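Only a predicted model underlies this, so the values are computations on that prediction, with no experimental measurement involved.
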Amino acid sequence: MIRPLLRAALLLPFTTVCAFADPAPSPASTSGEPYELVRTLQTVQDGIARGDTAAHGSHIALTRQVGEKFLAADPGVWSNAQNGQAVIIYLLSGGGPQVVRKLPRDKLNVDERLFNGALAYVEGRQDEARELLKDVKPRTLPTGLGGQVALVQGALFARAEASLAIERLDDARLLLPGTLVEEAALRREILLVGQAEDFDKFEFLTLAYIRHYRNSVYAGDFWQRFASGLTQSSIALDERRFARIVTLLEQIDRASRLKLYLVIARTAMVHGRLAVTRLAGERALTLSADASEDRERAHFLRGVSRALTDEYDGGVAELKALDRSKLPERDVPLLNATLQLALDVRKPFAGGSTAAADKPPVTPARLDLAASTETLARARKQLGELERLTRDRP
């Protein structure tokens, strides 16, 4: 439906194109009102959310033509409040501010605060836009306008007031389900809830996006935000959640999954979550090609988790067998420090022997702890070096 609609929108005059905004228009709905043309623009944009590449390729031209029709409209149409609201929606849907500034401002029947806030937002005056739009309650506005305003508020307050941004993005999704606004709200909100360490909602939003918008033209951006939300917080570092993480990652392509498992494994190692390091490292091993750099990295990460937990011998052997030339440069010092630490922990005391270990030592009048103290001090030093390396080279 979208492609024929788009072609019609590009070819027909202002008074005719609006008839396509409704599948079964009545005579009153074909009067050529600006709000009807904006509705058509939104319908085409919603096709982008469903993966219509033709809509994506042509919506810029359609947006330009909508602006031209605005400028050619009879000034009297702007006294209609629906048309005033359509101007704001047009702005927030990618319309040109230079077009809006040429409209007869004294004729526009529109909320002053919303109009100025939308104009400030699209012109990049973010502080002014925040001040003008902060107290606007999207649910008190007409649905189409409220959803657009809520989406913009989510963008404006994402850094300074994340909880408010999340609340507004929830509003956007609820007010305009099945639209490009909901799709964009999901993309933005998933990163925020990841940073807020809200795994349940992170999982819910991911599954909602997959269910409704996995074919969206902007799906690539969603998965980038998903990866950031997953790896820049601790939500992937709890081993009890790992099976749920695996389920989410099964939705994306093999190469992306491999990359994410490697990032998760290293992030977990840096934070001392060696159980997750091992789980993610093993997943990466199953996805990587033989003799590849990714395979060596996966062995490195799994080897560290084994050597420093309950499989010392196997872990050390895995680390020693690595082809260092295939590891990222930043991981080589970390490998050296880990191996040295693992070896020192198992190093026998100076002067000891296997034979002596079979006989209980004679208890001296005064214990000499110099050798063990030296070993412990060396281990502490290397643990500190290992921590420094992981902190400075994330």
key: Beyond-backbone contact of L205 with K201, side-chain heavy atoms, under 4.5 angstrom   = yes

inquiry  = side-chain hydrogen bond (donor to acceptor under 3.5 Å, both in side chains), that's the test. Do R324 and N336 meet it? Break it down for me.
reply    = CA-CA 10 Å; R324 290 168 173 257; N336 293 336; 2.6 Å; yes

query = Hey, mind stepping through E123 and R101 against salt bridge (charged side-chain N to carboxylate O under 4.0 Å, His left out) and telling me if it holds?
reply = CA-CA 11 Å; E123 290 181 339; R101 286 192 172 278; 2.8 Å; yes

query = Does K259 NZ have over 12 foreign heavy atoms under 6.0 Å away?
reply = no

task = Before accepting this row, confirm whether a basic side-chain N of the pair E189/R225 lies closer than 4.0 Å to the acidic partner's carboxylate O.
result = no

remark   = Distance col, row E311:CD vs R278:CZ, nearest 0.5 angstrom, shows 4.0 Å

message = Main chain of K137, side chain of T140: is a donor-acceptor contact present, judged purely on distance under 3.5 Å?
response = yes

query = With a 4.0 Å cut-off, would you call R257 and E250 a salt bridge?
reply = yes

task = Start with the C-alpha distance between Y90 and F70, add both sets of side-chain angles, then the distance that settles ring pair (Phe, Tyr, Trp, His ring centres under 6.0 Å), and finish with yes or no.
result = CA-CA 10 Å; Y90 168 77; F70 275 15; 5.0 Å; yes

ask   = Ignoring hydrogens and geometry, is there a side-chain-to-backbone donor-acceptor pair from K326 to A291 under 3.5 Å?
value = yes

ask   = For atom NZ of K107, is the number of surrounding heavy atoms from other residues, nucleotides or ligands below 6.0 Å larger than 12?
value = no

ask   = Just by distance, do the side chain of Q153 and the backbone of V136 share a donor-acceptor pair under 3.5 Å?
value = yes

query = Which heavy atom in L262 sits nearest to a heavy atom in L301, and how many Å separate them?
reply = O-CD1, 3.8 Å

task = Show the numbers, then the answer: is there a side chain to side chain contact (heavy atoms under 4.5 Å, CB included) between L132 and L114?
result = CA-CA 7 Å; L132 288 165; L114 286 177; over 6 Å; no

query = So does D170 pair up with R139, basic N to acidic O under 4.0 Å?
reply = no

ask   = Taking 4.0 angstrom as the limit, do R113 and D135 come out as a salt bridge?
value = no

inquiry  = Looking at R241 and E203, is any side-chain nitrogen of the basic one under 4.0 Å from a carboxylate oxygen of the acidic one?
reply    = no

query = When rounded to the nearest 0.5 angstrom, what is the spacing between CD1 in I264 and OG1 in T277?
reply = 10.5 Å

task = Apply the test salt bridge (charged side-chain N to carboxylate O under 4.0 Å, His left out) to residues E112 and R105: give CA-CA distance (whole Å), side-chain angles for both, the deciding distance (0.1 Å), then the verdict.
result = CA-CA 10 Å; E112 192 79 14; R105 185 68 186 88; 2.6 Å; yes

ask   = What do you reckon, is CZ of R297 surrounded by more than 12 foreign heavy atoms closer than 6.0 Å?
value = yes

remark   = CE of M269 to OG of S305, rounded to nearest 0.5 Å, is 9.5 Å

ask   = Between N83 (side chain) and Y35 (backbone), is there a donor-acceptor pair under 3.5 Å?
value = yes

request  = State whether the side chain of S233 and the backbone N or O of G194 hold a donor-acceptor pair below 3.5 Å, judged by distance alone.
outcome  = yes

query = Measuring from R306:CZ to E282:CD, what's the distance to the nearest 0.5 Å?
reply = 8.5 Å

message = With rounding to the nearest 0.5 angstrom, report the CG to CD distance, L91 to Q148.
response = 10.5 Å

inquiry  = Nearest 0.5 Å, please: how far is CD in E128 from CG in L119?
reply    = 8.5 Å

query = Can you name the closest pair of heavy atoms from S79 and N109 and give their distance?
reply = O-ND2, 3.0 Å

task = Would you check if the side chain of Q85 reaches a backbone N or O of P142 as a donor-acceptor pair within less than 3.5 Å?
result = no

ask   = Should the pair D238-R240 be classified as a salt bridge under the 4.0 Å nitrogen-to-oxygen rule?
value = yes

